[in-house]
Amino acid sequence: MAEHTASEHPKSPLTTYFSVWIALLFGTGLTYYAAKLDLGVFNAAVALIIATTKALLVALFFMHLKGAHEKLLKLVVISTIFFLFILLVLSMVDYGTRTWS
Amino acid sequence: MATAITQPDAQPIERENYLNKHYGVWSWLLTTDHKRIALLYLMSITFFFFIGGFFALLIRLELLTPTGDLVQADTYNKLFTQHGQVMVFFFLIPSIPAVLGNFLVPMMVGAKDLAFPRINLLSWYLYIIGGIMMLHCMLTGGVDTGWTFYVPFSTAFSNTKVIEAGLAIFVVGFSSILTGLNFIVTIHRMRAPGMTWGRLPLFIWAHYATSVIQILGTPVIAITLVLVVAERALHLGIFDPKLGGDPLLFQHLFWFYSHPAVYIMILPSMGVVTEIIACFSRKRIFGYHFVALSSIAIAVFGFLVWAHHMFVAGISIYAALVFSILSYAVAVPSAVKVFNWTATLYKGSIHYDAPMLYAFGFLGLFTIGGLTGLFLACLGVDMHVHDTYFVIAHFHYIMVGGAVMGYLGGMHFWWPKISGKLYPEGWARLAALIVFIGFNLTFFPQFLLGYMGMPRRYFQYPAEFQVLNVLSTAGATVLGVGYLLPMIYFLWSMRYGKPAPDNPWNAAGLEWKTASPPPTFNFDEEPVVTWEAYNYDELDSEHKQEVPVVG
Amino acid sequence: MSDSTVAVQGETHNPALLHHFATEEQQRNASSFGMWIFLGTEVMFFGGLFCAYLIYRGWYFGDFAAASKSINAALGGTNTAVLICSSLTVVLAIWAAQTSRRALMLAMLVLTMLFGLAFLGIKGIEYRDKFVEHHVPGPSFSFEHEEIPSHPGEYANPRHAEIFFALYFIMTGLHALHMVVGLGIFSWLLWAAWKGRFTPEYHTPLEIGGLYWHFVDIVWIYLFPLLYLIDRHR
Ligand code: HEM
Ligand SMILES: [Cu+2]
């Protein structure tokens with residue numbers, strides 16, 4: 001977790017918190033709006049990119065992943081995502097190459 | 001060897017330890033001491049082991065003759081289903097981690113307790129709740145889907161208690177997750193000064209890898225069971241081909257957990273065997289780093305091969321190819337371990353105490369199980385033997401011949417530490433021998449039966465298979481005796497056994513540097529580690545001059 | 001933990017420091033690490049659902065789009081905003097604890113819970129609509145003559161739409177369940193904060209509870225576009 005001994009607060013994190021909050025609200029509006037556009041196959045991609053950006057903002061700033069002393073927390077996050085991808089990708093190896101369905 | 005080092009017992013008053021510090025039922029049921037929780041788990045899983053064993057007995061009895069004379073098809077289906085579910089989820093998965101791991105992980109890393117003692121207790125209660133649900137399910141009709149819950153049978157056709165069984169396993173899954181979580185945090189955060197990663201016993205590495213699988217894999221089976229339960233209760237169509245769903249999706253999700261789960265069962269056992277082999281050949285483990293990393297590699301590769309259970313279920317042939325090749329890859333880290341154990345034995349001064357006999361049993365049987373796994377991973381061979389007794393024999397060689405052997409070996413090895421008493425060595429060696437013979441007699445014929453084409457999960461079979469089936473049933477009886485013996489003499493030793501010295505095997509490892517049984521906080525002083533793991537050469541040279549110092 | 005064990009050590013220390021930890025920092029690190037691992041298991045838990053979603057969305061895209069279109073995206077969008085606001089109030093509560101602003105901390109905790117309740121309320125409205133429209137999977141389910149977006153004249157297969165709704169209810173339902181658990185955790189945090197348990201030096205429970213809350217927010221951030229916004233353009 002981020003350092004939080006009261007004495008050594010470098011500067012107030014409030015600006016970060018509020019900017020992230022604005023960015024998240026903006027992102028929500030953007031997803032909503034982008035979904036109304038016809039981007040063909042890219043609709044889903046755009047939606048996922050925006051969602052991932054928002055998730056990253058929450059994780060990095062609200063959950064303090066960014067300031068974390070420990071690489072360990074990042075390792076947990078990265079390896080979880082890695083295994084989630086294994087689940088999705090290797091399933092798709094089957095679903096994507098079936099000749100009968 | 002045990003007797004050679006036993007000290008003259010010069011302790012008239014019993015020292016305070018974790019067993020005699022508090023008395024009374026509540027001091028057990030509300031304990032947060034990892035060692036007491038380990039004993040709670042020991043009693044609970046032993047109970048379920050006998051329930052599972054009871055089903056196994058009935059299965060083998062039914063298969064004594066080609067016709068269905070003891071039970072009919074419906075009952076038989078319930079027998080093998082509940083045998084599988086109880087043994088896998090209520091015995092083997094918690095066995096080594098929740099008992100030996102719980103007891104030893106904090107001690108081996110030099111901590112006073114696991115990182116989250118109350119969560120540890122919670123995990124036991126979840127296990128008990130799940131266990132009661134499972135018992136309730138079995139007593140009120142049981143379940144007949146096979147331990148694999150395959151859809152659409154489980155969701156649309158079976159008229160047994162699928163929902164209850166699913167929920168029971170859902171709950172017990174969370175107990176497994178919490179154990180894994182506790183271990184990972186403990187291993188990262190609670191190591192004693194000087195206990196670097198490179199000095200950790202390989203038992204710890206194995207449990208670390210196991211925990212990774214537990215926390216990443218178990219949630220997937222949990223959600224899969226939620227889907228099965230929901231689909232059955234509400235008639236959804238997620239897995240039902242009639243409603244547009246895909247039954248293979250269930251199999252993907254199920255095996256995404258359940259293949260790695262087989263490594264939840266075998267990895268801790270590998271950890272136990274590593275400790276035993278080092279101790280009883282009085283040598284440093286050959287290739288420490290390879291053995292450590294192979295545990296991690298197994299955990300990772302274990303997640304890449306699940307669809308080898310679905311080769312004939314209708315997955316795409318390209319996917320089958322990929323998964324077949326990946327399955328070969330997962331055998332590599334297992335082989336690394338086998339080679340390193342063998343190399344450790346080479347020129348070691350080997351002692352044939354009971355734990356070592358179990359370790360030898362493990363080595364041989366695990367190797368056979370692993371090699372037949374490779375047969376199964378080969379697409380062409382699997383077409384022939386899928387869903388036959390060959391598969392049954394394969395996984396019993398690993399799960400019973402490997403994992404349970406390791407569990408028993410570990411129980412013997414650490415029994416003096418756990419109970420403070422020595423078990424009768426002669427009986428123990430005899431039991432190890434009986435288990436080994438009984439095991440092979442039970443399961444080797446099943447390889448032959450499977451290869452000849454006897455399918456699994458039927459209550460009757462063509463008469464020409466009878467001879468081998470009779471052999472198998474006879475073996476199961478011997479095996480049963482082999483399992484009962486340790487139960488009896490362990491209980492006996494608690495009362496009548498000789499008091500155990502702190503380090504009866506003159507073994508390396510922090511757990512041996514404290515009293516037997518250990519004090520509540522494991523060490524009287526926080527240990528500081530300045531030596532490498534398995535420093536047996538140093539231990540043995542020291543030992544020539546002095547009597548081991550008491551913790 | 002028995003009391004005697006704390007006494008044994010005999011040092012003066014924070015009563016919240018458990019006996020088996022050497023320092024408060026070790027304890028705090030262990031707790032947050034444990035929570036992150038738990039969140040990892042949660043990712044895999046929802047991951048199984050995302051896997052199912054992905055496959056059927058690929059197979060039955062048109063039917064999914066038609067079904068998705070029948071859900072009120074404005075409500076979903078509002079709920080996203082509500083959750084984002086609640087995440088802000090959570091970090092503000094922690095900041096208030098760090099800087100000894102007791103009143104602000106309490107206010108932010110209350111606000112967080114109000115946002116949480118608002119989310120559940122809006123979700124309830126959404127569910128009620130679906131119920132009225134017979135879009136809840138089961139015997140009374142009906143999705144006849146619903147046009148597939150961008151394919152005029154083609155109708156969605158009700159069976160396939162039902163799969164969408166099954167996933168929709170399970171995913172949002174489990175998410176809502178997590179919200180309820182979160183509300184439980186925050187009631188406890190509020191009580192503890194009221195009792196003055198949290199100080200600038202020690203407020204680990206707030207941080208741990210906050211991690212959980214943010215995670216539930218992140219899940220929603222994905223659920224929203226995936227469930228509400230499939231093929232919304234016409
Ligand atoms: C050396 C690596 C291994 C390989 C390549 C391997 C391969 C396989 C394959 C291909 C199958 C499917 C056979 C079929 O259904 O036709 C199988 C089944 C099975 N294996 Fe293994 N295996 C390995 C190790 C293990 C281990 C370590 C365990 C347990 C501790 C295990 C337990 C099982 C179980 C329980 C089944 C049957 C599941 C069922 O259908 O009920 N395997 N194995
Ligand atoms: Cu497998």
Side-chain angles (χ1 to χ4, degrees), chain A residues 1-9 31 35 41 43-45 47-101, chain B residues 180-181 184-185 187-189 197 208-209 211-221 223-224 241 244-257 259-260 296 299-311 313-327 330:
Chain A
M1 291 267 67
E3 220 13 270
H4 35 29
T5 8
S7 50
E8 46 178 42
H9 258 299
T31 340
V41 286
N43 268 102
L48 281 179
I49 289 172
I50 299 177
T52 304
T53 315
K54 286 164 72 184
L56 272 177
L57 285 176
V58 174
L60 289 177
F61 298 103
F62 283 0
M63 299 168 89
H64 299 293
L65 199 56
K66 178 149 180 284
H69 292 306
E70 319 174 48
K71 301 222 171 55
L72 202 53
L73 300 186
K74 287 168 194 157
L75 186 71
V76 172
V77 175
I78 290 170
S79 44
T80 308
I81 294 172
F82 173 72
F83 283 100
L84 179 64
F85 266 82
I86 290 182
L87 170 63
L88 301 178
V89 170
L90 282 184
S91 307
M92 287 312 137
V93 169
D94 174 19
Y95 285 93
T97 57
R98 278 189 202 170
T99 44
W100 51 265
S101 71
Chain B
L181 192 156
I184 292 203
V185 178
I187 295 170
H188 270 285
R189 286 272 158 268
W197 286 89
Y208 186 84
S211 305
V212 170
I213 306 178
Q214 282 176 307
I215 60 174
L216 291 171
T218 320
V220 177
I221 187 93
I223 192 67
T224 313
D246 180 23
L248 283 185
L249 174 61
F250 168 84
Q251 296 189 21
H252 277 299
L253 293 176
F254 179 87
W255 289 113
F256 178 82
Y257 165 74
H259 181 80
I296 307 294
V300 175
F301 284 122
F303 277 103
L304 304 178
V305 302
W306 75 81
H308 64 210
H309 296 271
M310 304 160 64
F311 284 155
I315 56 171
S316 110
I317 45 167
Y318 306 103
L321 256 176
V322 170
F323 278 102
S324 172
I325 293 167
L326 288 172
S327 300
V330 78

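No experiment lies behind these values; they were computed from the predicted model shown. Chain A is the first sequence line, chain B the second, and so forth, proteins listed ahead of strands; every chain is numbered from 1. Below, each value reflects all heavy atoms present in this structure, side chains not excepted, and no hydrogens, waters or symmetry copies.
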Chain A contacts, top residue of Leu249(B), Ile317(B), Leu326(B) (heavy-atom pairs, under 4.5 Å): Leu249(B)
Atom pair CG/CG of Asp94(A) and Asp246(B) - distance to nearest 0.5 Å: 8.0 Å
Atom group of Ile215(B) that falls short of 4.5 Å from chain A, counting heavy atoms: neither
Gap between atom CG of Leu72(A) and atom CZ of Arg189(B) - 0.5 Å precision: 5.5 Å
Chain B neighbours within residues 84-91 of chain A, where any heavy atom lies under 4.5 Å away: Ile86(A), Leu87(A), Leu90(A), Ser91(A)
Residues forming a ring pair (Phe, Tyr, Trp, His ring centres under 6.0 Å) with Phe254(B), sequence neighbours excluded: Trp147(B), Phe250(B)
Flag, side chain of Tyr318(B) to backbone of Gly96(A), donor-acceptor distance under 3.5 Å: no
Minimal non-hydrogen separation, Ala319(B) against Thr97(A), with atom names: N-OG1, 4.1 Å
Test side-chain contact (heavy atoms from CB on, under 4.5 Å) applied to Ala55(A) - qualifying residues, sequence neighbours left out: Ile218(C), Tyr222(C)
Minimal non-hydrogen separation, Phe303(B) against Phe83(A), with atom names: CD1-CE2, 3.3 Å
Under the ring pair (Phe, Tyr, Trp, His ring centres under 6.0 Å) test, residues paired with Phe62(A) that sit two or more places apart: His214(C)
Distance-minimising heavy-atom pair for Gly314(B) and Arg98(A): O-NE, 4.3 Å
